[in-house]
Enquirer: 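I'd like to ask some things about the structure below.
Reckoned from all heavy atoms, side chains included, excluding hydrogens, waters and symmetry mates. In each ligand, atom 1 is the first atom listed, and ligand 1 is the first ligand listed.
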Amino acid sequence: MNIVIHRGTKEIGGTCVELTTNKFRIIVDLGIPLVSDRKDQPFDSKVLEGKSVKQLLGLGVLPAVTGLYVGDEPRVDAVLISHSHLDHYGLLRYVHPDIPIYLSEGARELIKVSDIFTPYRTGDLTVRIVGNGKKFKVGGFEITAFLVDHSAFDALAFMIEADKARVFYSGDFRGHGRKSALFTRIIESPPKDIDCLLMEGSMLGRDEQIYKDEIAVEKGIKDVLENKSNIAFLFASSQNIDRLVSAYKACRKTGTTFVIDLYTAFILHRLEANTKSLPQFDWPNVRVKFFKFHADKIAEAGQEKLLYLFNKQKIEMEEIDRTKEKVLMILRDNSLFPRVIGHIHPIKGAQIIYSMWDGYLTDKFQGYCREKGIAIKQIHTSGHAIPKDLKAFAKALNPKVLVPIHTFHSERYGEMFDNVKVLEDGELWEVPV
Ligand SMILES: [Zn+2]
């Protein structure tokens, strides 16, 4: 079996791996880059606008895989998507519609949600749903999906076998989320005889975490809620389901009303079929704030009936203001924020629980909050494995060769792990068996 990592040997984001045998070919992940070509700036997704497949191939944005994209004769047997983060699936919209896409049910739902609410449209795909521990065949490949703990809901790792070679692709994972049991399970009964492990290393080169796990995050949020005398805002991704659960539990324990927006209510509702234990819009302590932008999107998607459903738990700004010392409201740094805080009197003494990667926290926004007398407290834990867990993972899987992927620090793998082989983007490499 041959491997080409088209993007990801030395960067985080835009992951794409091609695996081939004599007759068959699959792609694992097809993400939007997070950094520019020279890796010194964020990737500007505007470069995608109005461009053809040919132009994007020419720019090196689309990985050079023949027979993968619309307009070409399909020559790829399947695309496997590990999870619903854009840097792993965001280029799917260019894939030939006849090529089947394998992903988890949760990933499919969240990709559909992003199709409705964001400019990233994947459009119509030929989807095949795969679940934890399920083996499936694609041409000469035999593939097993493993559910993993990650900040994306229902994330998968894949074991891929062909030509007597066995490759394990970790996808993005961690051992400190609400589903850490999934990590422990793989560590305690790992798949055997792995020839090659493609393992992410996002956390290499990053600082130690202040909040070591999702439970510590829940406690951190609870401490804020217990001691506040004005409104608190939760800045978090509504697709980070673990984080929503942590916030909800902290609210329950402190008698705080968790005010979610329609977007968040919609996401939780879509995932209800998959997991009954996720908080929903009609659970105790949950209320829904309607914003026109979200309501319009839901209506455009033909889901107006959900607006009537969510309406039962609707909360207005007047009530939020009146009960503000008992409110945690989900919001983000966008145009809604100034509008919302305009309804809170006084706003001085309000707090933001900043519960996402601090790379998104701009100086401009911090200055704005200082001016308004709003304190910002960072309470976050990463979606990615810390070095100790990466070591435990590599040790358990015990591969003949470990290949770095999804990292800015492939050079550190050699110091931390055994049998490391650093590839270059686009390099064709035969898996030794
Ligand atoms: Zn991810």
Enquirer: Kindly state whether the ring of Phe281 and the ring of Phe310 have centres lying under 6.0 angstrom apart.
Expert: yes
Enquirer: CG of Asp124: more than 12 outside heavy atoms within 6.0 angstrom?
Expert: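 Open: at most 12 neighbouring heavy atoms sit under 6.0 Å from CG of Asp124.
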Enquirer: If you leave out waters, which protein N, O or S atoms are less than 2.8 Å from the Zn ion (ligand 1)?
Expert: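 As for protein N, O or S atoms lying under 2.8 Å from the Zn ion (ligand 1), they are His83 NE2, His85 ND1, His150 NE2, Asp172 OD2.
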Enquirer: Determine, using ring centers only, whether Phe337 and Phe365 are less than 6.0 Å apart.
Expert: yes
Enquirer: For this output row, return yes or no: ring centroids of Phe393 and Phe173 closer than 6.0 angstrom.
Expert: yes
Enquirer: Give, for atom CZ of Arg339 and atom CD1 of Ile341, the distance between the pair rounded to the nearest 0.5 Å.
Expert: 12.5 Å
Enquirer: Under 6.0 Å between ring centres, would you say that holds for Tyr263 and Phe291?
Expert: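 Tyr263 vs Phe291: aromatic centres not under 6.0 Å.
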